[in-house]
Each structure stands twice: as structure tokens, then as C-alpha cells.
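Structure record follows, encoded as C-alpha cells.
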Amino acid sequence: MTDPALVASTIASTLGMRDAGDEPLEARLKTFLRDEHLLLVLDNFEQVVEAAPVVADLLAACPALKVLVTSRVRLRVSGEHEHTVPPLEVAEQEEAASVEDVAGSGAVRLFVARARAVKADFALTPETASVVATICRRLDGLPLAIELAAARIKVLPPAALLARLEKRLPLLGGGGRDLPVRQQSMRDAIAWSYDLLSPKEQPLFRRLAVFVGGFTLEAAEAVVGGALDPGVDPFEAVASLVDTSLLRQENGPTGEPRYRMLEMVREFGLERLAASGEEAAVRAAHAAHFLALAERAVLEPHGDTAIYPWLPVLDDEHPNLRAALGWLAGADDAGAFLRLATRLSQFWYLRGHFSEGRRWLEEAVARAGGAPPALRAAALYGAGRLAHYQGDDARAVPLLEEALGLARCVDGSWLTPTALLLLGVVAEDRGQYARAEPPLQEALALYREGGHAGLASLTLGHLGIVAYGRGDLVRADQTLEEALALARTSGDPSPRSPSSGTSGWWLASGATPRKPPPASRRRSP
């Protein structure tokens, strides 16, 4: 990811924290970690280095916390200890060096191992040992550069490889003097490997750089298919880049192969993409693909365990979905931006990405003033629901009321009773029982009219809680018994429980009245 604002929420999500509650997320993160003995590893932090104060604050508040950061730039925060990772060692050039002496260096061992992966019979000989050592030295012992070079042993013997390398380094040198030497050489190595790709492979490589966090073959075909000649198998085209070490293959959540670029390789690809003049078209195709994916991802419960089969897919594609949202936010198609944000509302809710979801949804609504009322209403409802689960009811209520007003303009909108139900729940949670009852009663009537027995039983349950909170225990029991009976006959698992009576329902459903009746009017469950 590249958004510094998401660092705290990503750490919290990784630790299993829910982004909910009245207290700011960073404060709750400090509380969570204060007494924990943990090593927190933050990789490629140069992409989000503006979030360095978040790391410093965590370290100051959590004495047992240790943080290991990999970055191309220092964080420049208190308590930072810099450790420079050196290149692999390469023996100095010696005319009489034996094969054993050359093979002892880490750089040469890596080269040989990677060369044998593409050419099983490769071996150091008295003739090639010094050439391989020179190649490793020219690459400054950088592991990625060595891997990229060794992958070409399949088509270029060591002497030819060294000749090509020596021609490219002077041409592609001259990087910024303030950059580490390894970065200057890495750029040379990647550019050299890129130039060795065929004219058919180069457009594919630079277009694939648009993906963040990896991609599937389906996504590659949809987004960069125009870079392939007719009749070319996308798998073979992608596999050719895997062979050159420019892509890595891994297994996705469903067993489907996914492909990923190392971040430095991807940065180079994005530079080439921008220089090609294709970037806008490729990013638009990327956004269109992930909008279509989000619209196919139906997040509905299946059975009592509420399994959402699309969730692992959306988890894997979350970085790509963020990139698509970011592109659409700056593009002219505000409608597509709103559609994608709205489709992801349920995903953000289920995964606890409340702050992120609210930010995208509210921005999308603001940009798409002329969008259809049904779409705007759904987005406003999603933002209001996330605000409520963060404890920000001061913001949730106006969002939900605006969503309700728009939904009423759409005949038969599912959102009208849904918004009414949540407005009632918000008031119920705040102990405002008199205010909660009217929207819950209206939602109940609409659910019954539409034949939605499960949702009607859920609404009845909340009305029972409201009656209990107001001290009307007779009505509470009657309403909750009706909710239980309707839930059992509807087949909806929501508020069903073998228990009966007031306490049975709200304990089973996870709901608890904010303000119980006076002690003299309570009764034992």
C-alpha cells in the first residue's frame, strides 16, 4: 500500500483489532500493544514514510514493543537505530583464483543456484568462474540484480552475458548522487533485463506493473490483453516473465495462481508505463476490471455460519481495489467511483475497515452529485452504518436520514426499511427508546408487507428490547416471543435461540438495553 493514512488501520487489522469505538484508532492501538511483547515488522516503509510518527508514538507508548522496518530511507524518529544491509560478498579479482575460491562467495553461490534453476547442467569451470565473479562484481553483489542476470544463462553463456551487461551499465548510469549505490545498480540491472525482453514481452511487463499486490491470469487478460498478439496464450505470456524473474508465482486463496512483481521491479515498470503514453488507458482498464469484480462479488450469508465465499478473493484484491478507487477518484467518471465504493461497503463492514470505508464512501457521494438516488442512498447508508459502528452517531444519524430520504423516492427500495431499522437501532443503543420506536415500527410494517419474515423477526426483536428498556416488561415478553416464533418459522438464523423470554432473546442476539428499567420493576430471567 502507498497511503500513509492507512498504516495504523492496517496494523490494527493484522493484529485482529476491530476499527470500532469512540476512541481514536491510534489511541486504542497503543492501549492494545502497551503490555504486549511483540516484534512488529514493517516492510517497504519508504512508500508510507510520512506515517513515521505513528511508529514513534507506538514505541513511546509501548515499552515492550520492538519494530523492525525495511526502507530505502530513514524514518528519522527518536530511538531509530540504522542497520545498513550490505550487498553479498564478492571475492576480489585474482588471476590465479581457483573455482573453489570463487564459489565460496555468497554472490557467486546465489548466481549458480539461480542459473541451475533455468539450466540444470550449469556449473562453474576454470573458464567461467572468473567471468561469473566479474558479473557479480559488476552488479555490486545485489541479490535481485544477480537473480535477473542468472535467469539469462538459459540463452546467454557467461561471457556473452558479461558483454551485454558491460554495454548497458555506462548507458543507464548517472543516477542521483544522493541515492545508495545499490539503487543505482538495481535500476541498471532491471533496465538491462527489460531490454532483453522481446518486443512482445515489453508492453506486457510495463502494463502488468499497474497491479498492486499481485494479480490473476483473468485480471491480466482483462487489463493487458491488448498487449498480446491474437492467439497468444495469456498464461504463456505471463510465464515468460516468471522465467526472467520479473514476476513471482504464488497460490491465491482458491488455489488459483497469482503473480506478483517485487516492488522495485514494479516501480521501474510504472516508469516505463508512464513514458509509453499508455498509463491512462491501462489504469482505466484496471479500474474497470476491479469494478466488474466488485459487482460480481455477492456478499450474502449462506446457512447458519454466514459464510461469505467472496471475502478471501476481496481480501487478496484489496490493494488493487484501493488502487482502482484512487484512480477513479481523480478521473472524470464519478459514477464509476461511487459504484465501486458502494459495492465495497459490505466488504469494509465485514472486515472492520470502518475508517477507510467511510472516507471512500463520503468522498464518492460528494463527487457524484448527479448519481441516481438509489445509488447515492446506498452509499450514504453504507457510510452511516460504518460511522455507527465506530461510535460516531453524531455523523451516522444525518447520513442515515439523508439515505432514507432518497430511498423513499425510489419505489420499492430495499433501503427504506433497512435505513429505518438502523436509525431505530442507533437510537436504541443510545437509550433513546421513545425515539427508536417509530422507525422500528415503520420498518416492521414494510418488512411484513414485502414478505421478509426473517428481517421482520429481527425488527420485532429490537422493538422488544425497546419495550424492555422503557420498563414495559409484558409488552417486551410478548414482542420477543413473537420475534422468536417468526424466526423459527422463517428459517432465518438471525435472532433464533433455544431460550425464550426477554433475556433469552437479547442475550442470544448480542443486544443489551443501554438503560435497564428500575430494579423494582425487573424480574429474573
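Sequential numbering from 1 along the given sequence is applied to the chain's residues.
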Please state whether the rings of Trp360 and Phe337 are parallel, tilted or perpendicular, taking 30° and 60° as the class boundaries.
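Judged by the thresholds at 30° and 60°, the geometry between Trp360 and Phe337 is perpendicular.
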
Parallel, tilted or perpendicular: rings of Phe347 and His318 (30°, 60°):
perpendicular

Smallest separation among heavy atoms of [X] and [Y], with atom names:
X      : Y      : value
Asn320 : Phe211 : OD1-CA, 3.4 Å
Leu88  : Ala107 : CB-N, 3.7 Å
Val108 : Ala133 : CG2-CA, 4.2 Å
Leu208 : Ala220 : CD2-CB, 3.9 Å

Has the side chain of [X] got a donor or acceptor atom that lies under 3.5 Å from a matching backbone atom of [Y]?
X      : Y      : value
Ser276 : Leu273 : yes
Arg109 : Gly104 : yes
Arg376 : Val365 : yes
Ser13  : Ser9   : no
Gln202 : Tyr194 : yes
Thr14  : Thr10  : yes

Just how far is it from atom [atom1] of [X] to atom [atom2] of [Y], taken to the nearest 0.5 Å?
X      : Y      : atom1 : atom2 : answer
Arg322 : Leu340 : CZ    : CG    : 12.5 Å
Leu422 : Tyr381 : CG    : OH    : 5.0 Å
Arg74  : Glu80  : CZ    : CD    : 4.5 Å

Applying side chain to side chain donor-acceptor pair (under 3.5 Å) to Glu46 and not counting sequence neighbours gives Arg72

Determine whether Phe111 and Ile153 satisfy the following criterion, side-chain contact (heavy atoms from CB on, under 4.5 Å), listing intermediate values before the conclusion.
CA-CA 10 Å; Phe111 185 97; Ile153 284 294; 3.8 Å; yes

So, applying salt bridge (Lys or Arg N to Asp or Glu O under 4.0 Å) with Arg206, which one of Glu201, Glu278, Glu271, Glu267 is it?
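Answer to the salt bridge (Lys or Arg N to Asp or Glu O under 4.0 Å) test with Arg206 among Glu201, Glu278, Glu271, Glu267: Glu278.
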
Under the criterion side-chain contact (heavy atoms from CB on, under 4.5 Å), I'd like the reasoning laid out for Lys66 against Leu40: C-alpha separation, chi angles, the key distance, then a yes or no.
CA-CA 6 Å; Lys66 302 295 182 185; Leu40 180 63; over 6 Å; no

Flag for Thr125-Glu127: side-chain donor and acceptor within less than 3.5 Å
yes

If we count only N and O atoms by modelled type, under 3.5 Å, do the side chains of Arg18 and Tyr389 hold a donor and an acceptor together?
no

Mark yes when over 12 heavy atoms from residues, nucleotides or ligands other than Arg248 sit less than 6.0 Å from its CZ; otherwise mark no.
no

Looking at Asp35, I want to see if its CG is surrounded by more than 12 non-hydrogen atoms of other residues, nucleotides or ligands under 6.0 Å.
no

Is the shortest side-chain N to carboxylate O distance from Arg114 to Glu147 below 4.0 Å?
yes

Flag the pair Arg258 and Glu317 as a salt bridge only when some basic side-chain nitrogen lies within less than 4.0 angstrom of an acidic carboxylate oxygen.
yes

